[in-house]
Number of protein chains: 2
Amino acid sequence: MGSRLEQICIERGLKMTEQRRTICRVLSDSNDHPDVEQVYRRASAIDAKISIATVYRTMRLLEESNVIRKHDFGDGRARFEEHSDDHHDHLMDINSGEVIEFTNEAIEKLQEEVAKKLGYKLIGHKLELYGVKIK
Amino acid sequence: MGSRLEQICIERGLKMTEQRRTICRVLSDSNDHPDVEQVYRRASAIDAKISIATVYRTMRLLEESNVIRKHDFGDGRARFEEHSDDHHDHLMDINSGEVIEFTNEAIEKLQEEVAKKLGYKLIGHKLELYGVKIK
DNA sequence: TTATATGCAAAGCTTTTGCGCTGGC
DNA sequence: GCCAGCGCAAAAGCTTTGCATATAA
């Protein structure tokens with residue numbers, strides 16, 4: 001049967017192909033934040049015939065459909081994760097590179113206030129914290 | 001006489017060439033967050049012979065020397081500003097690409113609280129807002 | 001003088017796209 | 001059957017780099 005993400009795609013009314021099903025399965029099975037190359041490699045292990053152009057096109061489709069979320073961690077390529085209902089930001093351990101997800105409603109509210117005060121409607125934001133573990 | 005940024009470069013012990021002086025002057029005169037292409041065009045107006053490769057190389061040098069700061073606002077190219085002591089974050093107009101600087105103490109405080117709650121000491125952060133102008 | 005910087009053009013990397021063919025629905 | 005999706009390869013956009021020449025210290 002289909003993966004969790006495949007179900008979401010169907011709910012969103014997306015046309016499902018074998019390649020899209022493969023990519024959804026790969027993403028459902030991933031617990032990290034893979035880039036396109038990694039998704040492509042993992043998908044190739046299931047379907048050796050898949051094209052990287054299809055991976056790019058599908059990642060874009062899934063992102064536009066809010067099935068996945070795209071991140072730019074500054075290393076030159078996009079990285080992705082499943083789109084969860086709760087919005088979360090990231091805290092990076094600058095020693096280990098580990099990424100921790102967190103949510104904070106108060107910060108979100110303040111961001112909107114800041115934007116409004118400057119005459120803008122907030123469309124999106126990027127918040128990354130960098131820290132070291134307290135022993 | 002030299003530009004403000006040129007003085008800083010000299011203090012940092014950087015070898016100064018005519019091209020680097022030109023780029024420093026351009027950056028000193030810029031109040032926005034230009035990308036390499038813009039710096040190149042502005043520099044070309046002063047020295048038509050300058051190469052974009054030199055601009056790229058110089059921007060990297062200046063960034064590594066903490067003379068300027070590099071930003072990635074997610075539009076695929078790097079943008080730069082003078083490295084100032086006061087910390088500020090950015091709001092980007094997703095229609096015009098214009099970047100507005102702001103500071104917000106309350107958000108900074110909350111970020112520290114979040115990090116602490118997760119067992120981390122906050123070392124740095126990156127906050128970017130994306131919005132559209134309210135008419 | 002001599003190492004370093006520059007200019008030019010080529011190449012690298014990620015991502016997108018044109019086009020003819022395949023395959024969902 | 002038809003239109004959307006796919007694979008392939010070419011190209012686009014930003015950035016880096018190899019090499020011969022020019023220049024700062």
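Each chain gets a letter, A, B and so on, in the order its sequence line appears, and its residues count up from 1.
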At how many degrees, to 10°, do the end axes of the helix from C/dT1-D/dA25 to C/dC25-D/dG1 meet when each uses five pairs?
-> 30°
Just jot down the side chain to side chain donor-acceptor pair (under 3.5 Å) partners of A/Asp89, sequence neighbours excluded, or say none.
->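 Result, side chain to side chain donor-acceptor pair (under 3.5 Å) vs A/Asp89: A/His87, A/His125.
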With A/Glu112 via side chain to side chain donor-acceptor pair (under 3.5 Å) - residues at least two apart | none
Distance in angstrom units between A/Arg21 CZ and C/dG23 P, rounded =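 A/Arg21 atom CZ is separated from C/dG23 atom P by 13 Å.
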Calculate the interatomic distance between A/Met16 atom CE and C/dG23 atom P; express it in whole Å.
->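 Result: 17 Å.
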State, yes or no, whether a side-chain contact exists between B/Phe102 and B/Leu129 at a heavy-atom distance under 4.5 Å.
->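 When only atoms from C-beta onward are counted, B/Leu129 and B/Phe102 do touch, with a gap below 4.5 Å.
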Take nucleotides 5-10 of chain C nucleotide by nucleotide from the 5' end and write B, S or -, depending on whether a protein heavy atom sits under 4.0 Å from the base, only from the sugar-phosphate, or from neither.
-> SBBB--
Side-chain N or O of B/Tyr56 less than 4.0 angstrom from OP1 or OP2 on D/dT15?
-> yes
Partner of A/Gln19 under side chain to side chain contact (heavy atoms under 4.5 Å, CB included), chosen from A/Ile46, A/Thr58, A/Ile50 |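 Of the listed residues A/Ile46, A/Thr58, A/Ile50, the side chain to side chain contact (heavy atoms under 4.5 Å, CB included) partner of A/Gln19 is A/Ile50.
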Quick one, which residues of residues 69-82 of chain B touch DNA chain D with a heavy atom under 4.0 Å?
-> B/Gly76, B/Arg77, B/Ala78
Which of residues 30-46 of chain A have a heavy atom under 4.0 Å from DNA chain D?
->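 Listed by number, there are none.
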Do A/Ile107 and A/Leu118 sit in the same hydrophobic cluster, where Ile, Leu, Val, Met, Phe, Trp and Tyr count as joined when their side-chain heavy atoms come under 4.5 Å apart?
-> yes
